[in-house]
Structures are given as structure tokens and as C-alpha cells.
2 protein chains.
Amino acid sequence: MADDVMRLLWGPHPQPKRGPKPALTLDGIARAGVTIADAEGLSALSMQRLAEQLGKTKMSLYRYVPGRAELVALMVETAIAAAPEPAAGDWRARLTGWSRALAGVFARHPWLLDATVGPRLMGPNELSWMEHALAALDGTGLTGAERLDAVVLLTSHVRGIALQSRATGAEGPEAQLMAALGEVMRKHGDGYPSLLSAMASAAEPLAQDQALAFGLERILDGLEALITRRAG
Amino acid sequence: MADDVMRLLWGPHPQPKRGPKPALTLDGIARAGVTIADAEGLSALSMQRLAEQLGKTKMSLYRYVPGRAELVALMVETAIAAAPEPAAGDWRARLTGWSRALAGVFARHPWLLDATVGPRLMGPNELSWMEHALAALDGTGLTGAERLDAVVLLTSHVRGIALQSRATGAEGPEAQLMAALGEVMRKHGDGYPSLLSAMASAAEPLAQDQALAFGLERILDGLEALITRRAG
DNA sequence: CAATAACTGCGTCCGGCGGACACTGTTTCT
DNA sequence: AGAAACAGTGTCCGCCGGACGCAGTTATTG
């Protein structure tokens with residue numbers, strides 16, 4: 001499994017010399033999978049469903065991909081794509097742009113939240129995101145472990161916002177959940193006074209952009225404090 | 001569905017007057033499910049498997065739980081349990097203890113990472129964790145939205161650490177993944193200079209406690225800066 | 001006491017899933 | 001002209017979540 005994923009994501013992809021030309025490509029398969037997952041979620045992506053989309057039978061897919069897990073790994077690489085060019089400015093501006101870009105990826109492909117839990121092997125594109133974030137911290141005086149920890153921290157924050165953004169999305173049955181939470185608070189709010197007070201004084205639409213920016217600034221403030229302490 | 005979850009998590013649980021005594025209890029079912037998920041992961045938990053553990057047939061479980069999703073919701077509530085009593089000290093000490101306790105929960109029940117993606121209705125225990133964290137921030141001068149954002153930020157960090165802790169766990173096939181990542185860096189490290197440099201200068205075992213503490217201190221530093229700025 | 005209503009647990013069946021395997025047809029090498 | 005390598009397909013298996021109806025049990029009602 002780990003071997004298969006590694007060959008799929010990192011190559012080489014030996015193209016056969018004899019036999020019929022393959023009608024599909026790895027990239028085409030991954031793109032079709034991303035399309036389905038974007039529209040209907042990761043659970044709607046079955047081999048059968050994907051094969052129908054591609055006009056083939058489901059077993060033909062196994063000529064390209066060893067199994068579903070490897071397919072998803074390929075889709076992740078396709079969906080996140082390569083990290084964008086770093087923004088101009090200091091490390092703080094660069095990490096801000098990086099975080100917002102990552103949040104955009106999660107917004108466009110919410111199923112990435114499901115696909116990237118659990119231990120897995122990262123592909124070139126996913127690694128390029130890490131690389132860009134780490135590069136922004138070069139020369140700040142942080143140790144290697146600290147730079148890694150800082151990037152993980154940023155990533156977790158963006159993930160968390162994406163998670164709650166998906167939960168509070170006004171579309172679909174999620175709205176019922178929010179209504180249910182409201183009902184819970186109306187009935188049992190006495191047991192949670194701080195929560196009740198915080199929710200009451202929070203704006204209604206609970207803007208996700210605000211939440212992303214808030215956490216981002218706290219993290220960057222914390223990092224800046226450490227960096228200047230080290231330098232000074 | 002949302003209705004079912006709400007009745008399961010928040011009650012009331014009307015106990016029938018006529019008919020045979022139920023051989024099982026919701027709590028017992030949830031505990032058995034937690035045991036299985038702890039030992040073999042959430043994917044190993046099927047209705048069949050759970051019924052075998054309880055010495056019943058699988059269909060009998062549907063007398064207690066409407067479906068698998070509701071069962072998992074119940075298991076989440078059981079596994080996280082109620083939030084521990086807040087530590088003594090200021091908001092910073094309290095949030096530190098809270099975060100470490102939450103990290104402990106994720107360490108004991110790694111499947112919670114899988115079970116708590118996606119929109120869902122929180123139960124009393126899960127809400128009690130939010131309540132405790134928010135209560136620690138009472139009187140800090142932060143707005144309600146800011147307090148909520150801060151708690152989400154902390155939760156995301158703990159989640160992220162738990163996620164990477166599970167990935168780099170020395171046990172099982174995850175070790176192969178780390179070995180594979182090392183092989184990738186050996187082959188393609190040239191394309192990721194900052195990553196290579198950070199990993200080279202990081203200690204080998206990449207201590208998770210260090211990562212948890214690092215992010216925690218950055219977040220709390222960032223919050224403290226905001227709080228003192230508001231107060232001053 | 002008997003009848004009945006409510007309830008638990010079980011057996012059967014269904015559609016869908018990921019995947020193993022053997023087979024046919026196609027292409028390019030020796 | 002083989003023969004080897006390869007693509008796509010059809011069939012089959014075990015497992016999953018879940019719908020449904022049935023048999024046995026218990027407390028209420030007449």
C-alpha cells in the first residue's frame with residue numbers, strides 16, 4: 001500500500017510498449033474523482049460511480065489505480081495543486097497569504113477535510129505547500145523543529161476554520177443542525193452560562209472570515225513575540 | 001436524523017412500561033462501541049461486530065439506536081466524557097490545563113479525530129468542554145465572538161497535534177509511512193530545501209509534547225497580547 | 001382470569017460497496 | 001507468423017447498513 005501510493009504520487013510511471021493504448025490517464029481519473037467529490041462529497045465517490053462518469057466499467061479502473069485509498073491520495077494531490085507563489089513582504093505577510101490560499105483550497109474542496117485525516121504519505125504538491133510555508137520562516141531565528149511546529153499550527157487553524165465553515169454552511173441539512181443547537185441552548189442554556197453569554201454577544205452570522213483572521217493574527221502575534229525575543 | 005441524535009444525546013429517554021425488559025442499555029452499547037473503536041479503529045466498528053461483542057444479533061441494536069451515525073454520536077459523548085474541573089490560576093493556566101486534558105482524550109481515543117469531522121450536533125459532554133474553555137476567558141475583555149474564536153483556535157491546535165501524533169506513532173504500518181517520507185526526502189529533497197533544512201535541524205523523535213506546548217504558548221502569547229492591549 | 005396492547009429480539013432479504021480472478025481482444029515485439 | 005504484454009469486461013465473493021415482518025414476552029385492561 002505505502003509502496004503503491006509512493007509510486008503513484010512520486011513516480012516513475014513506466015509506460016508500456018506493447019498492448020492496446022490506455023483509454024484513460026491517471027490525471028483524467030483523478031480529475032473526474034475530484035469533480036464527483038466536489039459536487040457530492042467523498043462518500044458519494046465509489047468505483048462504480050467514477051467508472052460511469054468516465055464511460056468505462058468499474059474494474060477497468062483497477063488497471064490504473066490499485067484501490068480506492070490510492071485513488072483518494074491521487075485526488076488529494078490533484079485538488080490541492082501546487083502552492084501558489086509566495087506573496088511579497090516579510091514572513092508575516094507571506095504566511096498570511098499562504099494561510100488564506102490554503103483556506104481557499106479547503107473551501108473549494110471540502111472533502112479534503114475527510115481525505116486528510118489519518119496517517120498518509122504526502123505527494124509533491126502537498127509537500128510544496130509545506131515547503132513554501134517553511135521558506136517564509138527562513139532567517140527568522142527559529143529552530144527547525146520550531147519552524148515545523150509553526151507550520152503545523154497554521155495548518156491546523158486553517159483546517160479548523162474550514163471544518164466549522166462546512167458545519168455552519170447555510171446549505172442543506174446543516175442548517176437544521178444549527179437550528180437544533182439553538183434549540184438545545186434555549187432548553188439547556190442554564191448549564192452553559194459562558195457559552196450562552198458568548199453566543200449572545202456574538203454577531204449572528206458568525207463570519208468565517210473573521211474567525212480565520214482572528215486566529216491567524218493571534219498565531220502570528222505569538223510567533224512574532226518569540227522571534228523578536230530571540231533576536232533581541 | 002438530527003431529531004434522533006438530539007433525542008439520544010439530550011433526552012428524554014422514555015422507558016417503556018410494557019413488554020420485555022431490555023437486555024441492553026444505551027450506555028452499555030456506547031461503551032462497547034468505544035472499546036472496539038479504541039482497539040481497532042472506527043472502521044472496524046460495524047453493527048455486526050458490535051452485536052457480537054454484546055452477545056446479541058445485529059438487528060437488535062436498532063431497537064436502541066436508529067443507525068450507525070447516531071451510534072457514533074453517542075460514542076463520542078461517552079468517550080470525551082465531561083470536561084475536568086478547571087485548574088487553579090489565571091485564564092492562561094486554566095486554558096493550558098484544558099488543552100492538555102483535551103489532548104489526553106484524543107490520545108486515548110484516536111478515532112475521535114475521524115468521528116468529529118463533518119457537521120454534527122454536540123452533546124452535553126462536548127458542550128461542557130466548550131463551556132469550560134469559554135469560562136476561562138470570562139472577564140478578559142474579549143468579545144463573545146473573540147472568545148469563541150479563541151476556543152476554536154485552541155481546539156484546532158490540539159486536534160492537529162493529535163492528528164500528527166497518530167501519523168508518527170511508532171506502532172503499526174505508520175512507521176512504514178515515515179520511512180517512505182524519509183525515502184522521498186532522500187530522493188527529492190533538492191526540490192524542498194527549506195523542508196530539508198528544517199527536518200535536518202529538528203530532533204529525531206519529533207516530540208509531540210514539544211509540538212503541543214509550542215503551539216499552545218504561541219496561541220496564548222497571541223491572546224495575551226490582545227488582552228493586555230485591550231486593557232491598557 | 002383471559003384478552004390485548006406494547007415491546008424486545010431475531011431471521012430474512014435487499015442494494016451497494018471494494019476487490020479477486022479469469023477471460024477476450026488488441027497491439028507490438030521477436 | 002507467432003508470442004508476449006497489455007487493456008477492458010463479466011462474474012463472483014464477503015461485508016456493510018438497513019427495511020421489514022414475525023415470534024415470544026410482559027404489563028395493563030376488561
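Chain A is the first sequence line, chain B the second, and so forth, proteins listed ahead of strands; every chain is numbered from 1. It should be emphasised that the depicted structure is a prediction, and the values quoted were computed from it without experimental measurement.
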- Task: Using atom types as modelled and distance alone, determine if a side-chain donor or acceptor of A/T155 lies under 3.5 Å from a backbone N or O of A/V151.
- Result: yes
- Query: So which one's nearest nucleotide on DNA chain C is more toward 5', B/M59 or B/R18?
  - Reply: B/R18
- Grab the CG-P distance between B/L61 and C/dC10 for me, whole Å please. 9 Å
- Query: If you measure from CG on A/L181 to CZ on B/R120, what distance do you get to the nearest 0.5 Å?
  - Reply: 11.0 Å
- Query: For residues 35-52 of chain B, which residues have at least one heavy atom under 4.0 Å from DNA chain C?
  - Reply: none
- Query: Does a side chain donor of either A/S46 or A/R68 reach within less than 3.5 Å of an acceptor in the other side chain?
  - Reply: no
- Name the closest nucleotide to the A/Y64 side chain, picking from D/dA7, D/dA5, D/dG18. D/dA7
- Nearest-nucleotide wise, let me know which of B/K17 and B/K58 is further upstream toward the 5' end of DNA chain C. B/K17
- For B/R31, look at atom CZ and say whether over 12 heavy atoms of other residues, nucleotides or ligands are found less than 6.0 Å away. no
- Message: Just verifying a value: how many Å separate A/R159 CZ and A/I161 CD1, rounded to the nearest 0.5 Å?
- Response: 12.5 Å
- Message: What's B/K56 touching, base or sugar-phosphate or nothing? Going by heavy atoms closer than 4.0 Å.
- Response: sugar-phosphate
- Task: Tell me which nucleotide among D/dC6, C/dG19, D/dG18 gets nearest to the side chain of B/Y62.
- Result: D/dG18
- Message: Looking at A/S60, I'd like to know whether one of its side-chain N or O atoms comes within less than 4.0 Å of OP1 or OP2 on D/dG8.
- Response: no
- Once you round it to whole Å, what is the distance between C1' of C/dC7 and CG of B/L24? 14 Å
- Message: Heavy atoms only, 4.0 Å cut-off, all strands: where does A/R63 land among base, sugar-phosphate and nothing?
- Response: base
- Message: One thing to verify: whether A/E52 and A/K58 come together as a salt bridge, which I'm taking to mean a side-chain N less than 4.0 angstrom from a carboxylate O.
- Response: no
- NA contact type, A/K21, heavy-atom cut-off 4.0 Å: base, sugar-phosphate, or nothing? sugar-phosphate
- Map B/G67 and A/A23 onto DNA chain D by nearest heavy atom, then report which one ends up closer to the 5' terminus. A/A23
- What is the distance from atom OH of A/Y62 to atom CD of A/E70, rounded to the nearest 0.5 Å? 9.5 Å
